[in-house]
Structure formats: structure tokens, C-alpha cells
Amino acid sequence: MAKYSEKASEKVGKIMHEMKEGKLKSGSGKKVTSKKQAVAIGLSEARNAGAKVPEKKD
């Protein structure tokens, strides 16, 4: 399993909370209902913020 930084874990946790409240939107503006999609958004945001996150798979 991949090792993520503390900052990345916090970001994903925050995003998951938003999803559960129904406030998380995807890039197209639609509400996110999938846990997988929420985790992907959290890791992407953490990556952009400079956290230690493995490269995105194609």
C-alpha cells in the first residue's frame, strides 16, 4: 500500500466529510456521490498543495 503524508491524509479526510454532507462537487459541477471519486479529488488537491502523494496512474 502506498504511503501518504499526514497533510494528504488530512486533505482526504476533509474532502470525505464534504462528500458526506453533500457539498462536494466535481469539476463539471455535479454532486459527488462515489467514495472513490471523493478520494481521487482529495489526493489530487493534496498533490497540488505539495503533499507527498504518489504520481497519478493513467
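Bear in mind that the values here come from a model prediction, so they are computed numbers and not experimental data. In what follows, residues are counted from 1 in the order of the sequence shown.
The distance from the CD atom of Gln37 to the CE atom of Met19 is 10.0 Å, given to the nearest 0.5 Å.
Between Tyr4 and Leu43 the shortest side-chain heavy-atom distance falls below 4.5 Å.
Within the structure, the salt bridge (charged side-chain N to carboxylate O under 4.0 Å, His left out) test picks out the following pairs touching residues 35-55 (sequence neighbours left out): Lys11-Glu45.
In this structure Glu10 satisfies the side-chain contact (heavy atoms from CB on, under 4.5 Å) test together with Glu6, sequence neighbours excluded. Considering only residues two or more places apart in sequence or on other chains, Lys7 meets the side-chain contact (heavy atoms from CB on, under 4.5 Å) condition with Ser5, Ala49, Ala51.
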Intermediate values then yes/no, side-chain contact (heavy atoms from CB on, under 4.5 Å), Lys31 and Leu24: CA-CA 6 Å; Lys31 187 166 63 168; Leu24 184 62; over 6 Å; no
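Here the closest heavy-atom approach between residue Val53 and residue Ala8 is recorded as CG2-CB, 3.7 Å. For Ala38 against Val32, the heavy-atom pair with the smallest separation is N-CG1, 4.0 Å.
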